[in-house]
Protein chains: 2
Amino acid sequence: MTFSQNFKDDRSASADGSEALDLSSKLRDAGLRPTKQRLSLAHLLYSQGNRHVSAEALHEEALGAKVDVSLATVYNTLHQFTDAGLLRAVAVESSKTYFDTNTTDHHHFFIENENRVVDVPASQINVSDLPEAPEGMEIARVDVIVRLRKKT
Amino acid sequence: MTFSQNFKDDRSASADGSEALDLSSKLRDAGLRPTKQRLSLAHLLYSQGNRHVSAEALHEEALGAKVDVSLATVYNTLHQFTDAGLLRAVAVESSKTYFDTNTTDHHHFFIENENRVVDVPASQINVSDLPEAPEGMEIARVDVIVRLRKKT
DNA sequence: TTCCGTGCAAACCATTTGCATAAGC
DNA sequence: GCTTATGCAAATGGTTTGCACGGAA
């Protein structure tokens, strides 16, 4: 369920193949066939703690790790993972979409001049007195984005 | 649509001068030459209370009102207004950028299936216990987006 | 074998840019 | 007149789609 943030060997599966099995079942549980590409991307995404990646960045990372995937497949995979609840799309005003490997309740810093997203644990921000949702609507989620800029 | 709209609390509504003069000075004060196109777009934006528009929607609205502007000029104008503090860009995950005529402190509902943005007064949401900004950074703004979906 | 997933390239859509013309001052 | 805006069309950048091939069940 949760992934250790301290992987000593982050490139290859452990000797008994347990990480590969973990990822396989994670995908299978989500209704996704554990194909080579999906497993490789899942490994890149989930073996380094919480991350915020764009499709393009993940694609380059994959190529750098000798994982041969097309950009289209990276997009498809990111969306499939998101639909399956394995990832979460983060809304910032930049034109790119960022995918967050942390799907638990939390918020974000957005560093304006670097276009970078950083997690803020839900416990560190208190949001209260939410307004009522209009008739027939319900609150799906509350996102808090704390925009940071360089101090002048 | 008309110049004779009711403004309950709008202090910029003119007492003796025309609205055109108001908009002219508003633009001038922002360091922008009050050209025909900018005045027309400002009129569309600011004569109907608070709005959230996309560039394309504003362009169509302008054409419908017999205001002849190109889409490129609409984009340029929206960004100039935003840089000048007359508008605010709203970040939602939709691929489009929305511009908000309300530049005061407030938050947003985002209606997921309609891709629509609605203001929430700052007074209706309480955000506290914000985390420290990292070294050398400061908090530029805190955006709260309450995502709404149709109740099932 | 039957599908589903993948790769590729072309398509798409929102947005930006370069450059010649037109408008403010 | 000198400068700044505008319009157009072409370029861009992120993302998506259609279709033929290849791999998983």
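Just so it is clear: chains get the letters A, B, ... in the order the sequence lines come, proteins before strands, and each one is counted from 1. Treat the numbers as computed from the prediction; the structure is a model and nothing was measured.
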Legend entry - Comparing A/His79 and B/Val69 on DNA chain D - which has the more 5′ nearest nucleotide: B/Val69

Legend entry - A/Thr35 vs C/dT6: side-chain N/O to OP1/OP2 distance below 4.0 Å: yes

Inset, instruction - Would you mind reading off the distance between B/Leu71 atom CG and C/dT15 atom P, rounded to a whole angstrom? - result: 9 Å

Inset, instruction - Using distance alone, with no hydrogens and no angle criterion, decide if A/Asn50 and A/His106 have a side-chain donor and acceptor under 3.5 Å apart. - result: no

Legend entry - A/His59 NE2 - C/dT6 C1' separation (whole Å): 12 Å

Legend entry - B/Leu63 CG - D/dG7 P separation (whole Å): 10 Å

Inset, instruction - Check the distance between D/dG14's C1' and A/Leu78's CG and give it to me in whole angstrom. - result: 13 Å

Legend entry - 5′-ward residue of the pair A/Glu56/B/Gln80 relative to DNA chain D: B/Gln80

Legend entry - Whole-Å gap separating C1' (D/dC21) and NZ (A/Lys36): 14 Å

Legend entry - Nucleotide C/dC8, atom P - distance to CG of A/Asn76 in whole Å: 13 Å

Legend entry - Residues B/Asp143, B/Arg88: salt bridge by 4.0 Å N-O rule: yes

Inset, instruction - Taking only the side-chain nitrogens and oxygens of A/Gln37, find out if one of them lies under 4.0 Å from OP1 or OP2 of D/dG23. - result: no

Legend entry - Under 4.0 angstrom between A/Arg33 side-chain N/O and D/dA25 OP1 or OP2: no

Inset, instruction - Determine: side-chain N/O of B/Thr97 to OP1/OP2 of C/dA14, distance under 4.0 Å, yes or no. - result: no

Inset, instruction - Determine: side-chain N/O of B/Tyr75 to OP1/OP2 of C/dT16, distance under 4.0 Å, yes or no. - result: no

Inset, instruction - Look at A/Arg38 and C/dT6 and indicate whether a side-chain polar atom (N or O) is within less than 4.0 Å of OP1 or OP2. - result: yes

Legend entry - Six-ring centre of B/Phe81, B/Lys26 cation under 6.0 angstrom, axis tolerance 45°: no

Inset, instruction - On DNA chain C, check which nucleotide each of B/Ser54 and A/Thr77 is closest to and give me the residue with the more 5' one. - result: A/Thr77

Legend entry - Per B/Ser70 side chain, nearest of listed nucleotides C/dA14, D/dC8, C/dC25: D/dC8

Legend entry - Electrostatic pair A/Glu61:A/Arg51 at N-O distance under 4.0 angstrom: yes

Legend entry - Distance, rounded to the nearest Å, where A/Glu60 contributes CD and D/dG13 contributes C1': 13 Å

Inset, instruction - Rounded to the nearest angstrom, tell me the gap between atom CG in B/Leu41 and atom C1' in D/dT6. - result: 12 Å

Inset, instruction - Could you tell me if the ring centre of A/His79 sits under 6.0 Å from that of A/Phe99? - result: yes

Inset, instruction - Could you tell me whether the phosphate oxygens of D/dT6, OP1 or OP2, come under 4.0 Å of any side-chain nitrogen or oxygen in B/Thr73? - result: no

